[in-house]
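Report on one structure; see the data block that follows.
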Number of protein chains: 2
Amino acid sequence: MNAPPPDDLETLARVEPAVAEEADGRRRRGNATRESILQAAADLASVEGLEGLTIGRLATELGMSKSGLFAHFGSKEELQLATIEAARRRFVEHVVKPSRELPRGRERVEQLMRDWLGYYRNEVFAGGCFFHTVKAEFDSRAESPVRQVVTDDAREFIAFLTREVSKAQQAGDLDASVDAAQVAFELDALGAAAHQHYQLMHDPAVFDRAETAIHTRLETLASGS
Amino acid sequence: MNAPPPDDLETLARVEPAVAEEADGRRRRGNATRESILQAAADLASVEGLEGLTIGRLATELGMSKSGLFAHFGSKEELQLATIEAARRRFVEHVVKPSRELPRGRERVEQLMRDWLGYYRNEVFAGGCFFHTVKAEFDSRAESPVRQVVTDDAREFIAFLTREVSKAQQAGDLDASVDAAQVAFELDALGAAAHQHYQLMHDPAVFDRAETAIHTRLETLASGS
DNA sequence: CCTACCGATCGGTAGG
DNA sequence: CCTACCGATCGGTAGG
């Protein structure tokens, strides 16, 4: 029960195949070590970016040797890509999943936006949202595998918001004559701005401002029902 | 004629005192070198951030020796602070000044937003907007002189937007019962989102999306006149 | 403005 | 998972 519909979650959370377990538990211990490295890496990168995430610093923080940590990944790029996946898991857990329990419609969109703002307010990553940091870091850099994953995730989140707006329109909650992608752009803009201001000024009043703007916008789109 | 009113511009552009000129022109040459260094630094930092802006790389790009360039500033932090001032001059020229020729009111607000979006579209800095890059870079770092200047500039821009909205309200163009700071927050959010999406996806259609959102929002605030 | 350095740190490797 | 390295690059200095 309460199993989320598979459509959105699978694209956003790209489930890794489970790794076969060794009899002595070595593999499980290795995976647990790897995951704890990656969660620390995601927090560090949410502050310093994925380039500022250095292997030496991460190793010191975890009480490991540099080469011991390095052996888990093989290259810095592999570490960066694995860190993005770990951060995605945390994001899905806090922002995407909770509102899945509500029926499709305006209420679900509003809950999703509240969860998103709450995730900012609670600083689920050490430096605010991991994804805002890395989007800004890679947005004007040359193409690379890391940049590609970052843009794919950004597109996916906007597409996810767009689908939720569409569903609310289909449910008769929002004016269906307005482009759902346009509304999703505006909602994304308000969330991102709240995050940016909060990280910079530490004033939680910005969340009220964002909620007001979201509510006002959705009110103008409310179908007479 | 066409001299901009001093109120907003001086706070945003913090005019440096003119340096006394030496008879042999050495000082002028020195200042010109310094400014060309800083403009290159601002472009580099708009891509790589103010930490990624390394003295060695900047020197190579300008065909100077590292220590020759370094001598102009004395520390990396001084270079970073001077680079922010140079970037501010460029921003004011492209975004703040042009709409000053229009009378206060809704038209001026809309022109300001068009100039801002045009500045993004034209990639006036090599990596999009210098200020978005450095805001994201420093937003979750520890306090420092550089971070302080970055937040001051961010506050100043929001305050500037807020004043322009207020003036449009006073001119009777926009509903005066809505909080001007709330409207400024929303306008800032839409501009910043357009920048982010454009840098990441290279799709200029996002500017139409932003303009549509800005226009729609201001229409809901239009006083019946 | 230059050459020639400094100690620290970077990503990565050798060998165990 | 470790110690012990590597060449490159960092910010910064000495001396001119």
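All values reported here derive from a predicted model rather than from experimental measurement.
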Salt bridge A:E211-A:R114, side-chain N to carboxylate O under 4.0 Å
no
Verify the ring-centre separation between A:F207 and A:W116: is it less than 6.0 angstrom?
no
Atom CG of B:L79 to atom C1' of D:dC10: distance rounded to whole Å?
14 Å
Electrostatic pair A:R209-B:D179, nearest N-O below 4.0 angstrom:
yes
Could you check whether A:R89 pairs with A:E35 (Lys NZ or Arg NE/NH1/NH2 to Asp/Glu carboxylate O, under 4.0 Å)?
yes
May I have the distance from A:L69 (atom CG) to C:dG12 (atom C1'), rounded to whole angstrom?
13 Å
Could you verify whether a donor N or O on one side chain and an acceptor N or O on the other, from A:Y119 and A:H195, lie under 3.5 Å apart?
no
Once you round it to whole Å, what is the distance between P of D:dG11 and NE2 of B:H72?
17 Å
Heavy-atom contacts under 4.0 Å between residues 37-45 of chain A and DNA chain C, which residues?
none
Any carboxylate oxygen within less than 4.0 angstrom of a Lys/Arg side-chain nitrogen, looking at A:R141 and B:E48?
yes
Minimal non-hydrogen separation, B:D43 against B:A126, with atom names
OD1-N, 2.9 Å
Could you give me the stems involving DNA chain C, meaning stretches of three or more consecutive Watson-Crick or G-U wobble pairs whose two defining distances are both below 3.5 Å?
C:1-16 with D:1-16
Take A:M201 and B:R155 through the side-chain contact (heavy atoms from CB on, under 4.5 Å) test and state the conclusion after the steps.
CA-CA 9 Å; A:M201 334 277 199; B:R155 279 182 210 275; 3.8 Å; yes
So which of residues 48-67 of chain B are in contact with DNA chain C, with a heavy-atom cut-off of under 4.0 Å?
B:M64, B:S65, B:S67
How many Å lie between CZ on B:F70 and C1' on D:dG15, as a whole number?
16 Å
Hey, is the main chain of A:V124 close enough, under 3.5 Å, to the side chain of A:R90 for a donor-acceptor pair?
yes
Here's a test for you: under ring pair (Phe, Tyr, Trp, His ring centres under 6.0 Å), which of B:F131, B:F125, B:F160 qualifies with B:F91?
B:F131
Distance alone, cut at 3.5 Å: any donor-acceptor contact between the side chains of A:Q111 and A:D115?
yes
Specify the separation, in whole Å, of atom NZ of B:K76 and atom P of D:dG11.
4 Å
d(CZ, A:F73; P, C:dT13) in whole Å
16 Å
